[in-house]
Participant: 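Below: one structure in structure tokens.
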There are 2 protein chains.
Amino acid sequence: MDIIISNSSNIPLYEQVKEQIKNKIVSNELKTGELLPSIRSLAKDLRISVITTKNAYEELEREGYVETIPGKGTYVANKNKELIKEEQLQKIEGLIDTAVSIAKISGISKEEIREMLDILFEEE
Amino acid sequence: MDIIISNSSNIPLYEQVKEQIKNKIVSNELKTGELLPSIRSLAKDLRISVITTKNAYEELEREGYVETIPGKGTYVANKNKELIKEEQLQKIEGLIDTAVSIAKISGISKEEIREMLDILFEEE
DNA sequence: ACAACTGTATATAAACAGTATACACTGTTT
DNA sequence: AAACAGTGTATACTGTTTATATACAGTTGT
């Protein structure tokens, strides 16, 4: 499982792991029913503690993205695809909303943001 | 000074205070040389500790937004306006960038984001 | 000098992030 | 059935971050 974590980031390790796995589920790179790497092997890969990977998996389970069976492993859950898209839309709306707030405060125009959007959408 | 803080937010108190004061400086609601409320009076207003308001002011000073003189008070610093705008632009670019990343992962189109941008820009 | 205001320093408590290690469950191999 | 090698779980500990109370020190006007 290719996950890249940064120790110098201000984002907690378990959250970096959580987000990247969530992304793989949302993008369908990880499909429903698929077995995730064990917390141990993932921890060894990333050179972090077993407990940290466990925390990541626990949060994913709390949010309904995975299901874990003691002694067996952790599997991608059958989460409603429409619900997932709705969550992503809301996340984006939140980001755009703060961006707009900042723009208004500092007198930045809508066109400047539009340009950023155009450029960033092509680039990646 | 009207600042609204939420105890239930996941954002630390000192950071909520810091951001809102920074916004007032960026929007020129607080002008260069102006005296901020004392850490004590602000703490009393917001019903938080003196140390917490002090932490907020310290960070603002570290970022060059204010200057504080022991025994006298804390004043809005004469920070380069162009530099401030540059910082705000970068902050917005970061937000749009993550929004675009999420959109690409979950198959959300540029048009959907554009619509959000239009709506949010009119609303507020 | 004193009173009333400023910011500062020290010590403490609680929550959070990350860890190591010992424990318990599941499945396979013998 | 016993042994083993894999899975997740629970406990206990360390260091950092967030927030606090309280005692200290500088500035100003009377």
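In what follows, every chain begins at residue 1, and chains take the letters A, B, ... in the order their sequences are listed.
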Participant: Do the side chain of B:Thr53 and the main chain of B:Ile39 share a donor and acceptor less than 3.5 angstrom apart?
Facilitator: yes

Participant: Here's a test of your reading of the structure: between A:Asn55 and A:Gly71, which maps to the more 5' nucleotide of DNA chain C?
Facilitator: A:Asn55

Participant: Let's see if you can work this out: which of C:dG7, D:dT27, D:dA21 has an atom nearest to the side-chain heavy atoms of B:Ile39?
Facilitator: C:dG7

Participant: Evaluate A:Val76 against A:Lys31 for side-chain contact (heavy atoms from CB on, under 4.5 Å), listing each step before the verdict.
Facilitator: CA-CA 7 Å; A:Val76 177; A:Lys31 296 176 183 55; over 6 Å; no

Participant: Rounded to the nearest Å, what distance is computed from the CD1 atom of residue A:Ile51 to the C1' atom of nucleotide D:dG8?
Facilitator: 10 Å

Participant: Would you say B:Lys72 reaches D:dT28's phosphate, i.e. side-chain N/O to OP1/OP2 under 4.0 Å?
Facilitator: yes

Participant: Counting only side-chain heavy atoms from C-beta out, which of C:dG7, D:dA21, C:dT19 sits nearest to A:Ser49?
Facilitator: C:dT19

Participant: Reckon A:Thr74 has a side-chain N or O less than 4.0 Å from the OP1 or OP2 of D:dG8?
Facilitator: yes

Participant: Side chain of A:Ile48 only, heavy atoms from C-beta on: which candidate in D:dT9, D:dT22, C:dT19 is closest?
Facilitator: C:dT19

Participant: In terms of side-chain heavy atoms of B:Pro12, which of D:dA19, C:dG7, D:dA10 is nearest?
Facilitator: D:dA19

Participant: Is the backbone N or O of A:Ile11 less than 3.5 Å from a side-chain atom of A:Ser9, with the two atoms forming a donor-acceptor pair by type?
Facilitator: yes

Participant: Could you tell me the separation between the CG atom of B:Leu42 and the P atom of C:dC5, rounded to a whole number of Å?
Facilitator: 16 Å

Participant: Measure CG/B:Asn10 against C1'/C:dA15 and give the value in whole Å, please.
Facilitator: 14 Å

Participant: What integer distance in Å separates A:Lys44:NZ from C:dT19:C1'?
Facilitator: 17 Å

Participant: Choosing from D:dT9, D:dT28, D:dT20, which nucleotide comes nearest the side chain of A:Lys54?
Facilitator: D:dT9

Participant: Using Watson-Crick or G-U wobble geometry with both distances under 3.5 Å, which nucleotide pairs with C:dA3?
Facilitator: D:dT28

Participant: What's the closest nucleotide to the B:Leu13 side chain, out of D:dA19, C:dG7, D:dG8?
Facilitator: D:dA19

Participant: Going through the checks in order, is the side-chain contact (heavy atoms from CB on, under 4.5 Å) test met by B:Tyr14 and B:Ile51?
Facilitator: CA-CA 9 Å; B:Tyr14 77 91; B:Ile51 311 299; over 6 Å; no

Participant: Grab the CZ-C1' distance between A:Arg40 and C:dA24 for me, whole Å please.
Facilitator: 11 Å

Participant: Report the C-alpha distance between A:Asp118 and B:Lys110 in whole Å, list the side-chain angles of each, state the deciding distance to 0.1 Å, and finish with yes or no for side-chain contact (heavy atoms from CB on, under 4.5 Å).
Facilitator: CA-CA 8 Å; A:Asp118 287 336; B:Lys110 185 162 77 177; 3.2 Å; yes

Participant: Do B:Glu93 side-chain atoms and A:Met116 backbone N/O form a donor-acceptor pair below 3.5 Å?
Facilitator: no

Participant: Can you tell me the distance, in whole Å, between the CD atom of A:Glu58 and the C1' atom of D:dA10?
Facilitator: 11 Å

Participant: Below 4.0 angstrom from OP1 or OP2 of D:dA19, is there any side-chain N or O of B:Thr52?
Facilitator: no

Participant: Between D:dG8 atom C1' and A:Leu35 atom CG, what is the distance in whole Å?
Facilitator: 12 Å

Participant: Tell me which nucleotide among D:dT7, D:dT20, C:dT8 gets nearest to the side chain of B:Pro70.
Facilitator: C:dT8

Participant: Could you give the CD1-to-C1' distance, from A:Ile69 to D:dG6, as a whole number of Å?
Facilitator: 15 Å

Participant: Counting only side-chain heavy atoms from C-beta out, which of C:dG7, C:dT10, D:dT7 sits nearest to B:Thr68?
Facilitator: C:dG7

